[in-house]
> 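First the structure, then my questions, so here it is.
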Amino acid sequence: MFKKILIANRGEIALRIIRTCKEMGIKTVAVYSTADKDSLPVRFADEAVCIGPPSSSESYLKISNIIAAAEITNADAIHPGYGFLSENAKFSKICEEHGIKFIGASAEMIDKMGDKASAKETMLKAKVPCVPGSAGILKNLADGQKTALKIKYPVMLKATAGGGGKGMRLIWKEENFEDAWNSARAESKAAFGNDGMYLEKFIQEPRHIEIQIASDQYGNHCHMSERDCSIQRRHQKLVEETPSPFMTPDLRKKMGEAAIKAAKAAKYEGVGTVEFLVDKNRDFYFMEMNTRIQVEHTITEEVINFDLIREQIKIASGHKISGKNYEPQMHAIQCRINAEDPYNNYRPSPGKIGHYNEPGGHGIRIDSHVYSGYTISPYYDSMIAKLITVAQTREEAITKMERALEEYYVEGVKTTIPFHRQLMKNKDFREGNFNTGFMDTFELKPE
Ligand code: MV4
């Protein structure tokens, strides 16, 4: 087992990783930018190293500084958390070259799964269900137009280097193809330095349902049931839950098996997530594979009673898994509490928190790095807490969430708490009647 892990991240996930390391008897090194010098990860880690100024590109993304911090503290592994360098192939490779275990995917895996057309090719070969579309990258405009006619409009044009909706275009009819082609390619070239495009049939009103998996270094794989992440806004998840209200035992079995097929085909190692689109008829299609621990791993932990960070660290150090799958035993919901103004287009609301009161009691979990007097920096993402409720049924988990949100008080900054309070009372949400288009029509009322 590792003796000392450097956490190449900040905020709640840095704290989350430090907590598990402590329970495992592993020493921890926090790295921090000058903006985070008073943060809880810095206070709770065994050692802390400043790696630069507030700007992420000069600190949490600065590979040379992070490797230097690992060398001087003699860390034998690096946990990247999510975001930042967690899916950076170059960083994974440099860690390996320095004899430091990267707790995440290999550079080859990150490259293979990060290129969406290549990931899809791997999945098609393995007979994982995929959205009908082009066979790999489109050769040119004419190839795109021809393929679109073959699979029939509406179609989705997607950037192979994409993610989070960047370089993606929905095209309803042939006459709009050329403009979409040109603008998507330009956008993708600018964002990723890659303008490779592929095409898919447009799936209308899909749900976003993802399967948590774990794979060890010996070819054993298991799935840990699903998370429904359909409540999103501009590709930012707001609420996640498990089980999905749309799930059936049959669909869970099929999607779990497909996710394992995906992991096997990729020769995956570590904990990961296979994302699917699920349509009205409960047909499902591979979207992408995430090779990191995700923000929403918490709800899976709650329903299978299992520490996923601990498992991730154990697998990275060579631990064997049994290969048995996990079934959800409870219902869990997570609301992302962001320092954003839901009444002002979710504009970030950084600043100093005055009084801060977290909810508590049975079935409530809060993963957060903030406290009374904490200053939320404008440099990083605006999530200040993950509020998770766990109960026997979905109804009880919602009731608990309503109660918890009533107790939650954050003075000094705007938060998404009013949005979550109203969502919990929304008829369609309560009936499990929602898909990825939900936020397009949701109207926030004055409080
Ligand atoms: C799609 C789709 C419909 N049909 N692909 C959005 C981000 C990227 N990861 C994939 N996305 C989508 N791909 C086909 N063929 C609809 C979306 C989509 C979406 C997917 C998941 C969660 C939220 C979404 C919001 C808008 C569009």
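Just so you know, ligand 1 is whichever comes first in the structure, and atom 1 is the first atom listed for that ligand.
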> Checking Arg185 now: which residues fulfil side-chain hydrogen bond (donor to acceptor under 3.5 Å, both in side chains) with it, not counting sequence neighbours?
Asp195
> Considering only residues two or more places apart or on different chains, which pairs with a residue in residues 156-169 satisfy side-chain hydrogen bond (donor to acceptor under 3.5 Å, both in side chains)?
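Listed once each, the pairs are Asp115-Thr160, Lys158-Glu200, Arg169-Ser183, Arg169-Glu187.
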> Quick check on ligand 1: any N or O pairs to the protein under 3.5 Å? One line per pair.
| residue | atom | partner | partner atom | Å |
| --- | --- | --- | --- | --- |
| ligand 1 | 4 (N) | Ile203 | N | 2.9 |
| ligand 1 | 5 (N) | Lys158 | NZ | 2.8 |
| ligand 1 | 9 (N) | Glu288 | OE1 | 3.2 |
| ligand 1 | 13 (N) | Lys158 | NZ | 3.0 |
| ligand 1 | 15 (N) | Glu200 | OE1 | 2.9 |
| ligand 1 | 15 (N) | Lys201 | O | 2.8 |

> List for me each residue that meets salt bridge (charged side-chain N to carboxylate O under 4.0 Å, His left out) alongside Asp279, sequence neighbours excluded, and say none if there are none.
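If we apply the salt bridge (charged side-chain N to carboxylate O under 4.0 Å, His left out) test to Asp279, skipping adjacent residues, there are no hits.
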> Hey, would you say the Tyr380 and Tyr60 ring centroids sit under 6.0 Å apart?
yes
> Please report the C-alpha distance between Glu296 and Lys386 in whole Å, then the side-chain angles of each, then the deciding distance to 0.1 Å, and finally whether the side chain to side chain contact (heavy atoms under 4.5 Å, CB included) criterion is met.
CA-CA 9 Å; Glu296 61 271 26; Lys386 306 191 295 203; over 6 Å; no
> Determine whether the aromatic ring centres of Phe84 and Phe91 lie less than 6.0 Å apart.
no
